[in-house]
Amino acid sequence: MQSRIQVIRGDITTMQVDVIVNAANSSLMGGGGVDGAIHRAAGPALLEACKVVRQQQGECAPGHAVITLAGNLPAKAVIHTVGPIWRGGEHNEARLLEDAYRNSLQLARDNDFHSIAFPAISTGIYGYPKAAAAEIAFHAVSDYITRRPQPEQIYFVCYDEENAGLYERLL
Ligand code: ADP
């Protein structure tokens with residue numbers, strides 16, 4: 001049987017899954033890294049959708065997640081979650097990172113999605129140490145899915161070599 005968790009090397013914007021996760025910032029107004037790549041590939045409809053969410057709900061706090069359409073992406077939707085900014089490890093970073101994964105999975109489930117792709121949240125501009133972040137990602141996702149049948153398929157999409165190596169070892 002194929003594992004419910006798979007590691008992919010590449011660009012999350014090309015993933016043909018029900019929903020991809022964006023490592024957004026609290027403003028939801030786009031940024032660099034994977035956020036910039038997702039907005040470029042999705043087109044202006046994504047920013048418009050983010051603006052509507054922002055008007056309705058305000059900023060998205062670290063650990064929380066919101067969902068929008070996916071514009072021109074192959075995915076059906078985008079879940080925007082905000083990871084913690086690394087500030088040395090004593091500011092609840094691990095808990096917030098775990099929440100970002102868990103709340104994204106819950107939102108995928110609430111929307112009846114079967115497949116979801118995650119980037120390595122917080123490990124770019126937000127500076128979370130990659131090995132520690134990878135362990136939290138695996139632990140949070142494994143823990144969530146053992147008790148729930150949905151989403152059935154989870155992809156960790158690694159864009160940089162270091163994360164790809166770490167994730168492949170953990171798998
Ligand atoms: P954060 O602000 O949460 O740190 P970043 O976008 O800066 O978010 O980085 C998160 C991770 O996303 C990094 O490991 C980076 O290598 C990765 N990344 C950047 N572009 C892409 C992409 N197109 N697909 C998947 N992952 C990406």
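For ligands, and for the atoms within them, numbers begin at 1 and follow the listed sequence.
- For atom 11 (C) of ligand 1, the nearest protein heavy atom (residue, atom name, distance) is A120 O, 3.3 Å.
- I20 has its side chain out of reach of V157: every pair of non-hydrogen atoms, C-beta onward, lies at least 4.5 Å apart.
- Between R95 and E98 there is no salt bridge, since none of the side-chain N atoms of the basic residue sits less than 4.0 Å from a carboxylate O of the acidic one.
- Atom 21 (C) of ligand 1 has Y159 CG, 3.4 Å as its closest protein atom, hydrogens excluded (heavy atom only).
- Proximity of D160 to ligand 1 is established by a heavy-atom distance of less than 4.0 Å.
- Considering backbone and side-chain N/O atoms, P119 never comes within less than 3.5 Å of an N/O atom of ligand 1.
- Of all protein heavy atoms, the one closest to atom 14 (O) of ligand 1 is T123 OG1, 2.7 Å.
- The contact set between ligand 1 and D11, taken as ligand atoms under 4.0 Å from a residue heavy atom, comprises 22 (C), 23 (N), 24 (N).
- Residue, atom and distance of the protein heavy atom nearest to atom 24 (N) of ligand 1 are I12 N, 3.0 Å.
- Of the N or O atoms in V34, one or more lie within a sub-3.5 Å distance of an N or O in ligand 1.
- With C158, A133, G124 as candidates, the residue nearest to atom 5 (P) of ligand 1 on a non-hydrogen basis is G124.
- Ranking protein heavy atoms by distance to atom 7 (O) of ligand 1, first place goes to I125 N, 2.8 Å.
- Under the 4.0 angstrom criterion for non-hydrogen atoms, S122 is in contact with ligand 1.
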Under the side chain to side chain donor-acceptor pair (under 3.5 Å) criterion, do Q150 and D112 qualify, and how do the steps go?
CA-CA 8 Å; Q150 210 176 335; D112 199 27; 2.9 Å; yes
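- A donor-acceptor pair under 3.5 Å is absent between the side-chain atoms of T123 and the main chain of K130, judged by distance alone.
- Those atoms of ligand 1 with a heavy atom of A37 less than 4.0 angstrom away are 23 (N).
- Using a 4.0 Å cut-off to heavy atoms of N163, the atoms of ligand 1 that qualify are 14 (O).
- Per-residue contacts place A23 under 4.0 angstrom from the following atoms of ligand 1 (heavy atoms of the residue considered): 3 (O), 8 (O).
- Considering only heavy atoms from C-beta on, P74 stays 4.5 Å or farther from M15 through its side chain.
- Applying the side chain to side chain contact (heavy atoms under 4.5 Å, CB included) test to I125 and every residue at least two apart in sequence or in another chain returns nothing.
- Between F118 and Y155, the distance separating the two ring centers is not shorter than 6.0 angstrom.
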